[in-house]
Amino acid sequence: MEPMSCTVLVLGGGPGGYVCAIRAGQLGLDTVLVESGQLGGTCLNVGCIPSKALIHAANQFELAKQMAAGTMIGISVSEPKCDFAATMAWKDGIVTRLRSGVYGLLRRAKVKLVTGNGSFRDGKTCVVESDTGLQVIAAEHVVIATGSSAVPLASLPFGGPVVSSSEALSLQAVPARLVVIGGGYIGLELGIAYRKLGAEVTIVEGTGRLLPQYDADLTRPIVSRLRNLGITVHLDAKTLGLDPSGTSLKVELGDGNSMRVPADKFLVAVGRRPRLDGFGLEELDLTLSGHAIEVDDHCRTSMRQVWAIGDVTGEPMLEHRAVAQGEMVAELIAGNKRAFDKVAIPAVCFTDPEIVSAGLSPNEARSSGRQVIIGTCPFIANGRAMSIEAGEGFVRVVGRADNHVVLGIQAVGQGVSELSAGFALALEMGTRLEDIAATIHVHPTLSECLREAALAALGHALHV
Amino acid sequence: MAERMIKLPDVGEGVAEVEIVELRVKTGDPVREGDVLAAVMTDKATVEIPSPADGRVLWIGPQVGQKAAVGSEFIKLDTGGSIESVRTMPKDPTGSNDRQRPTPISPPERIAPDEDVDVSVAREPARLSSHGVNRPAPGKPADRPIAAPAVRAYARDQGVDLRFVPGSGPASRILREDVDTYIANGGRAQHAAPGRTANTAVEEIKIVGLRRKIAQRLQDTKRRVPHFSYIEEVDVTDLEALRVDVNSTKKAGRPHLTVLPFLMRALVMALHDFPRMNARFDDTTDTLYRHGGMHIGIAIQTVNGLLVGVVRHAETRTIWECANEVQRLSDAARAGMVTREDLGGSTITITSLGARGGLASTPVINAPEIAIIGVNKIAIRPVWRGAVFEPRKIMNLSSSFDHRIVDGWDAAEFIQRLRSFLEAPAKIFMET
């Protein structure tokens with residue numbers, strides 16, 4: 001095949017890669033996007049989007065079951081049923097619709113899409129094994145956006161009943177019994193969803209805590225909700241592997257005793273790691289930082305005009321970070337002055353209830369040597385929260401004691417993910433507690449708790 | 001054992017080389033993440049290099065005084081040692097060593113066994129310690145400048161490093177205007193010491209009444225009259241001796257004499273010889289009015305501003321009468337009781353700030369007069385008197401003239417005559 005040449009070659013069509021390609025195209029750069037599978041990456045195909053669809057379906061089903069059981073709000077329905085195949089088809093429809101949107105956006109930005117497995121020959125050349133043969137592409141700039149993959153457990157390799165989060169989002173039926181190995185956000189989100197859809201769920205976590213990246217105040221409502229949903233949790237539990245029949249998991253508990261947990265599916269969700277294999281990275285010999293490609297605040301790697309964005313550059317592996325990096329790299333290649341100077345990369349945990357964390361937690365702020373003041377407003381004090389049966393949880397604001405600049409905002413509660421934009425905006429704008437306190441927050445909404453928490457930090461809460 | 005090479009970080013746009021001005025650690029020292037390892041100097045600022053990790057110093061490249069390229073190997077840390085051993089190092093007995101402050105520390109860098117050597121450039125933002133930028137306490141990660149994303153993007157487009165820009169917003173938030181001000185100042189921050197904020201208050205004061213009158217008159221005079229100033233020193237030792245003697249022996253009821261009445265009398269004598277100086281110039285009709293009567297204007301400071309009282313016909317007054325009249329005018333002016341007769345029509349003016357008179361001044365002519373005599377302070381100075389230095393009382397006269405009428409030569413002659421009277425005060429009282 002005739003070799004191609006371009007200004008920008010993006011390897012990987014996930015959110016980081018396709019946004020980088022779109023922006024580069026918009027800026028008039030001759031851009032090629034190489035993707036071996038489906039556009040949209042982990043997020044769109046086997047991550048954020050399908051999991052949120054599944055979680056929504058599970059929540060609706062749970063709600064209907066509660067109503068059937070007779071709830072406080074005076075609505076009753078007959079026993080609901082879940083046609084799981086139809087649920088999955090609905091979920092797939094969302095994914096397909098979004099994916100075709102990405103194709104349209106790339107076309108409009110005049111990005112050339114090359115489908116096939118791309119591999120670097122050197123820092124300027126990529127060879128793509130496409131259906132029609134080998135395509136050599138020479139590029140001035142190369143953007144590595146190969147993403148991440150689920151970390152396997154040596155004692156519990158993927159295959160058969162052992163699945164990763166990707167397969168867990170495409171099951172044929174709701175398993176009667178599901179064991180989730182890993183008490184991080186992916187394991188909890190899926191575990192809770194399948195419990196609501198009817199599975200018996202057991203969570204096996206190797207450390208002493210669930211969601212260890214969040215403080216105990218934030219995770220407490222989730223722990224109690226797990227108990228309330230009837231999910232079994234084993235902490236400090238070591239996974240030893242499946243028994244020979246493949247129907248139960250051998251687990252060594254913290255007290256030294258071991259037990260067997262029988263199940264139909266075993267979801268391994270112990271983390272994700274940058275995808276460094278299979279695209280000729282060894283030809284580039286880039287500097288790594290741990291198991292990720294090392295980049296600076298311009299997403300430059302150790303090689304000139306070779307850039308890396310998204311999960312392949314390490315934690316935090318979040319779609320919105322990859323998108324921001326991808327956009328920035330396109331601007332930089334076009335000659336604009338940019339840097340990754342975000343104050344906060346907020347993270348949301350779509351558990352029940354949800355957790356949002358933006359900026360520094362109280363402990364992180366303290367350990368940076370600062371004097372901090374903290375204000376909290378529980379949702380139980382919020383009219384809107386009560387009226388939607390969401391009185392659990394709180395909003396918490398962390399500010400500097402000396403000048404009241406907001407360092408972090410966290411929340412746990414039903415639907416708090418939608419508050420995250422306000423949290424991030426406050427942090428990026430360098431807001432002081434007084435700014436939040438002096439901003440009208442609409443009544444009756446959950447967001448009122450942010451203002452109330454700021455007031456509480458300033459020592460004059462009105463409603464708490 | 002895991003090692004980590006710290007390279008000299010890029011401390012600012014376009015800086016390729018830095019000079020090591022201070023090393024805070026030596027080989028073998030334990031360090032914690034965020035501790036200051038060294039200070040380096042660029043042509044812009046001195047920048048502190050914090051440690052990117054906990055560990056122990058294994059090797060130091062460039063020494064104090066040496067220059068090194070940005071990105072070159074600087075300090076090698078052993079990051080594999082037990083952090084506990086670092087943390088429990090005996091505290092500095094003086095308790096003054098900030099570097100061993102038992103602050104909470106971040107968890108140690110996780111280093112996988114297969115990654116023995118982790119080479120990375122220190123990523124922490126370099127800390128600035130000069131040019132008026134707030135300096136964070138040692139061992140504490142530098143705070144990022146507080147600015148909205150759009151302001152950050154604007155600064156980056158303008159090539160401005162926000163760490164150097166003082167913020168005028170709440171909590172020193174940097175506004176777009178602050179970036180503009182910084183650029184307008186040629187990329188220099190106005191100095192603001194740590195913990196102080198610039199007072200940007202502007203009070204609007206309407207200039208009315210006497211002050212407006214003064215402003216208009218001075219503006220008009222300075223615009224229309226080409227001034228030149230002539231400064232000469234006068235030895236007033238003898239005059240001062242005479243003045244002290246007269247004051248101590250004067251009859252009761254007579255006023256205390258300052259230098260001013262002596263100067264007025266000397267001026268009268270000098271003007272006899274230089275009648276052109278005692279004049280008013282109407283430049284609209286190109287006419288100089290030379291007055292016979294010597295109406296000496298005396299500049300009087302009041303709370304509302306400057307007034308010029310007029311001692312009329314000084315040629316007819318004794319030194320005592322001059323003193324009395326000056327006293328009466330200044331009392332009246334300060335009490336706000338002056339009449340129009342006291343103010344207009346002077347033909348030459350004396351301005352004196354007394355002890356605050358300074359070394360020299362450039363007085364503005366009280367137009368339409370053509371000369372003004374400024375009196376500076378009296379100071380004892382060594383003066384060469386033929387064989388020895390003697391302590392003499394010296395007073396400068398700083399005078400301005402309307403150059404349209406008065407040539408430099410004439411002005412100099414006039415002031416020299418005045419000086420001759422003041423230096424031999426007996427001549428003031430001789431009839432010519």
Side-chain angles (χ1 to χ4, degrees), chain A residues 212-213 273 286-292 294-298 300 302 314-315 324 327-328 331-332 335-344 359-360 362-372 399-407 424-436 438, chain B residues 4-5 9-10 13 32-34 52 71 98 101-107 109-112 114-115 117-121 123-125 134 136-162 167 169-175 195 197:
Chain A
Q213 74 269 42
R273 61 159 35 153
L286 299 180
T287 302
L288 298 183
S289 170
H291 194 73
E294 183 175 291
V295 291
D296 64 6
D297 61 356
H298 292 78
R300 290 180 292 218
S302 53
E315 296 287 352
E327 196 181 349
M328 175 190 73
E331 298 273 353
L332 284 166
N336 295 323
K337 294 179 180 147
R338 297 286 185 278
F340 197 79
D341 61 359
K342 309 302 177 208
V343 175
L360 301 180
N363 280 338
E364 288 165 341
R366 282 192 204 99
S367 65
S368 70
R370 291 193 187 86
Q371 296 287 314
V372 297
R400 279 175 61 150
D402 53 354
N403 60 12
H404 296 177
V405 168
V406 177
L407 295 173
L425 183 64
L427 288 164
E428 289 297 340
M429 294 298 289
T431 308
R432 299 171 72 207
L433 292 167
E434 288 84 348
D435 295 320
I436 295 176
Chain B
R4 178 159 176 164
M5 179 60 76
D10 189 353
E13 297 283 320
R32 284 202 298 266
E33 181 179 336
D98 273 333
R101 219 155 40 113
T103 45
I105 62 168
S106 334
E109 293 264 306
R110 251 188 41 221
I111 288 160
D114 59 338
E115 296 155 3
V117 183
D118 176 10
V119 179
S120 63
V121 173
R123 271 274 158 55
E124 278 69 10
N134 287 1
K140 195 164 133 185
D143 290 324
R144 294 172 20 142
I146 300 171
V151 175
R152 284 181 252 154
Y154 177 65
R156 191 160 282 115
D157 280 341
Q158 299 295 320
V160 169
D161 186 338
L162 283 179
S172 301
R173 183 184 303 156
I174 301 167
L175 313 178
T197 49

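In this text, all values refer to a predicted model and were calculated from it rather than measured experimentally. Each chain gets a letter, A, B and so on, in the order the sequences are listed, and its residues count up from 1.
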*In Å, rounded to the nearest 0.5 Å, how long is the span from CZ of B:Arg156 to CG of A:Asp341?*
4.5 Å
*Just give me the residue among A:Glu434, A:Met429, A:Glu428 that pairs up with chain B most often, heavy atom to heavy atom, under 4.5 Å.*
A:Glu428
*Should A:Glu294 and A:Leu288 count as side-chain neighbours, where that means a heavy-atom distance under 4.5 Å?*
no
*By a 4.5 Å heavy-atom criterion (distance strictly below it), what part of A:Asn336 contacts chain B: side chain, backbone, both, or neither?*
neither
*Could you give the distance from CZ (A:Arg338) to NE2 (A:His298), rounded to the nearest 0.5 Å?*
10.5 Å
*About how many Å separate NZ of A:Lys337 and CD of B:Gln158, when rounded to the nearest 0.5 Å?*
7.5 Å
*Residue part contacting chain A, namely of B:Arg173, when any heavy atom lies under 4.5 Å*: side chain
